[in-house]
There are 2 protein chains.
Amino acid sequence: MSQEQAESGRRARPARSKSSVTLLDVAREAGVSLATASRVVNGSVSRRPAPELIEKVTEAAVRLGYSANASAQAIARGVNSVVGLIVSDIADPYFSSIAAGVTAEAEEQGLLVTLASTKGRPNREVDYLSALRRQRPMAILLVGSRRADPAAEQRLSQELRAFREDGGRAAAVSQPTLGIDTVAVRNAEGAADLARALVAQGHTSFGVLSGPADLQTAADRVAGFRGGLRAAGARLAAKNLQHGGFTRDGGKQAARELLTRSPDIGCLFAVNDVMGIGAMSAARELGYRVPEDLAIAGFDDIPSAADTFPPLTTVRLDLEAVGRDAMRFVLEQPGAGTPRVKYVTGDVVLRPSTTR
Amino acid sequence: MSQEQAESGRRARPARSKSSVTLLDVAREAGVSLATASRVVNGSVSRRPAPELIEKVTEAAVRLGYSANASAQAIARGVNSVVGLIVSDIADPYFSSIAAGVTAEAEEQGLLVTLASTKGRPNREVDYLSALRRQRPMAILLVGSRRADPAAEQRLSQELRAFREDGGRAAAVSQPTLGIDTVAVRNAEGAADLARALVAQGHTSFGVLSGPADLQTAADRVAGFRGGLRAAGARLAAKNLQHGGFTRDGGKQAARELLTRSPDIGCLFAVNDVMGIGAMSAARELGYRVPEDLAIAGFDDIPSAADTFPPLTTVRLDLEAVGRDAMRFVLEQPGAGTPRVKYVTGDVVLRPSTTR
DNA sequence: GTGAAAGCGCTAACAT
DNA sequence: ATGTTAGCGCTTTCAC
């Protein structure tokens, strides 16, 4: 406002450039050097300017409406106060709950979160990883089940290694197979506990709704459930395992097929809640009363699991805490060393959907 | 691998700096100039290098594991391929669905999305806006109801104005009062339609569960509902309006209070589905059968609304489309002109929760 | 304590 | 078609 803009002796600035106020503008307005201005706006630790200069610069900054350019700071400092977050599907309550934990923790650290949703496409996972890598985020979080896709997993690991060699930190919420710190849910154990609890409730005939065949999380839960059943003296007939999409509709469809094939299954375990909710819908449409004719259980304890009718028996996970834990992993990451693994266990929550 | 690193004649690089491969490294490795290397890695339109050079550079880049530094590009180009997204609560299905639409559309444009979740704190909204502004994103999307908080709204508008003056684009999903392009839900109309439909179903005694008193969205829905009732010859008793948190638990709590005060309300309208779901839970605990003793309706049609029991009557919004629309707004934003408004209407979906 | 100036990695004029 | 080089906005030595 008080300075003439045209006096610049520099080359004309490119047309595409935004006309925003720079630190240099602030410095001039305050009558100090660029260095001093920098020291006050970012509160340098080593050198602290005189109180009066601090005031002059601060005033100039607000008067001019100065907003620091994070890209320039990132490039000058070598690190960016951003963390990348890759999830399978942000619209899925499982992931959005974890994302909530991540953003909450990030906020406390003054970090911004850049989000990518892969929709389950393994290629996109790698693509996003390299796109995020270009932002030089201080850390990248990978949230989602590993897959039995050696090629994709291989590329992912390479990209992650490269990122870490450049000084980036990384952590995952999945299975501990990526060579990075990971928060791992004890899926098999949780499912086994559930199986035992179900048998204890008196259920004898089981069916399982699993997700895509190559999803590690789904496989682990199925294996755990099967093991738990066996330990309790029951068993899962091979033909009573049905794969489907890892979504509500996938669960609904899978339930339809399974119940058509094996109409008198007494208890259905869906490897996650959204599938379980879909199964409930299918069961009802097929004329089953839940839980009288058919008991249904899920896994995760997403918020809506308690609001279905009847409320869904499941294995509770503190999803937001999982997100926070992953974030903490990258914050307190040591220089090197073997990747750490934090196991989180799920608690069986018996609700009316399996009451007998 | 093939080059010695120590030969650098420059000043020692700062210790904090990541040791990543730069474009200059690639250029040297390929035996070309920096400019040429730049032209091939980003596929400059005007000048395209000879095929053999392209090959040499590309090879060198992969051999060295080069990853462009987005911050440096942003600063050199003047624009950043990032869009900022501010939502009230990423764990809430309403917002995560919209976020899914935003990220999907962003992906198609090769844009990354930086997410901020305010948890309904008006101050945080402004704080995040200025934090995002520092990233110099090509656009910022604001998703969430406006509030009757003049001071906060004022600061928000100022910050937005500054952002736009610097060349940033902005759009909102809320009420069109921010002076920027906005996707606005016809809340009053949707609620009015719902009210009429409910009266047509034979309901005569109503109660309303609203959100925080200063939330515009909640206020609009209440006003619309009240108007619709009147138009249909019914009315809402003043004492039958209960405020509460805009969440499941808020709805549950509000329903408890309202039903205790006016036990024989026949039909409850919760201003959003999550509150409606909470209300259902409360009603059940208080011994009401839904819908026989008490009908309940919500608004939004979040995914789980169809899976409650009985399924929830509501006003359907295509949330993902709303997110895409907001994103499109900023993509096709004209230089200036009056802010555009895209109104989206909700469709009443009658489900068993209000069957009479 | 303050300022001058050398970068940070990259793009885009501007030559050649 | 290439290469040179001047920035982009900021941080941080390094002198004073």
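Quick note: numbers below take in every heavy atom, side chains included, and nothing from hydrogens, waters or symmetry partners. A note on names: the letters A, B, ... follow the listed sequences, proteins ahead of strands, and every chain is numbered from 1.
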Q) Which residue lies toward the 5' end of DNA chain C, A:Leu34 or A:Ala50, if each is placed at its nearest nucleotide? A) A:Ala50

Q) If you find the nucleotide of DNA chain D closest to B:Ala35 and the one closest to B:Ile75, which residue's nucleotide is nearer the 5' end? A) B:Ala35

[X] [atom1] to [N] [atom2]: how many Å, rounded?
| X | N | atom1 | atom2 | result |
| --- | --- | --- | --- | --- |
| A:Lys56 | C:dG1 | NZ | C1' | 14 Å |
| B:Arg136 | D:dC10 | CZ | P | 7 Å |
| A:Leu23 | D:dG9 | CG | C1' | 8 Å |
| A:Arg28 | D:dG9 | CZ | P | 11 Å |
| A:Arg47 | C:dA4 | CZ | P | 15 Å |
| B:Gln135 | D:dG9 | CD | C1' | 14 Å |
| A:Leu53 | C:dG1 | CG | P | 11 Å |
| B:Asn42 | C:dA12 | CG | P | 7 Å |

Q. So, is A:Gln73 near the phosphate of D:dT11, with a side-chain N or O under 4.0 Å from OP1 or OP2?
A.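 Checking A:Gln73 against D:dT11: at least one side-chain N or O falls below 4.0 Å of OP1 or OP2.
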
Q.
D:dC10, OP1 or OP2 - any side-chain N/O from A:Ser38 closer than 4.0 Å?
A. no

**Q.** Axis-to-axis angle between the two ends of the helix from C:dG1-D:dC16 to C:dT16-D:dA1 (five base pairs per end, rounded to 10 degrees)
**A.**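 It comes to 40° between the two terminal axes.
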
Q) Has the side chain of B:Arg39 got a donor or acceptor that lies under 3.5 Å from a partner of the other kind on the base of D:dG3? A)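 Flag set: donor-acceptor pair detected.
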
Mind listing the side-chain donor-acceptor pairs of residues 105-113 of chain B below 3.5 Å, one per line with the distance, residues two or more places apart or on another chain?
| residue | atom | partner | partner atom | Å |
| --- | --- | --- | --- | --- |
| B:Glu105 | OE1 | B:Arg324 | NE | 3.3 |
| B:Glu105 | OE1 | B:Arg328 | NH2 | 3.4 |
| B:Glu105 | OE2 | B:Arg328 | NE | 3.4 |
| B:Glu107 | OE1 | A:Arg121 | NH2 | 2.9 |
| B:Glu107 | OE1 | A:Tyr128 | OH | 2.7 |
| B:Glu107 | OE2 | A:Arg121 | NH1 | 3.0 |
| B:Glu107 | OE2 | A:Arg121 | NH2 | 3.3 |
| B:Glu107 | OE2 | A:Arg124 | NE | 3.1 |
| B:Glu107 | OE2 | A:Arg124 | NH2 | 3.3 |
| B:Glu108 | OE2 | B:Arg324 | NH2 | 2.8 |

Any idea which of [options] is nearest the [X] side chain?
| X | options | answer |
| --- | --- | --- |
| B:Thr22 | D:dG3, C:dC10, D:dT11 | C:dC10 |
| A:Ala68 | D:dC10, C:dC10, D:dT2 | D:dC10 |
| A:Asn69 | C:dC10, D:dG9, D:dT11 | D:dG9 |

Q: Describe the nucleic acid contact of B:Thr36 in one word from base, sugar-phosphate, nothing, applying a heavy-atom distance below 4.0 Å.
A: sugar-phosphate

Between [X] and [Y], does any side-chain N to carboxylate O distance fall below 4.0 Å?
| X | Y | answer |
| --- | --- | --- |
| B:Glu125 | B:Arg146 | yes |
| B:Glu52 | B:Lys56 | no |
| A:Glu159 | A:Arg155 | no |

Q.
Please report the interatomic distance CZ(A:Arg169) to CE(A:Met138), rounded to the nearest 0.5 Å.
A.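 The distance works out to 5.5 Å.
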
Q | B:Ala162: partners by side-chain contact (heavy atoms from CB on, under 4.5 Å), with sequence neighbours left out | A |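 For B:Ala162 the side-chain contact (heavy atoms from CB on, under 4.5 Å) partners, ignoring immediate neighbours, are B:Arg133.
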
(Q) Do B:Phe95 and B:Val143 have side chains that approach each other closer than 4.5 Å (heavy atoms only, starting at C-beta)? (A)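 Side-chain contact under 4.5 Å: yes.
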
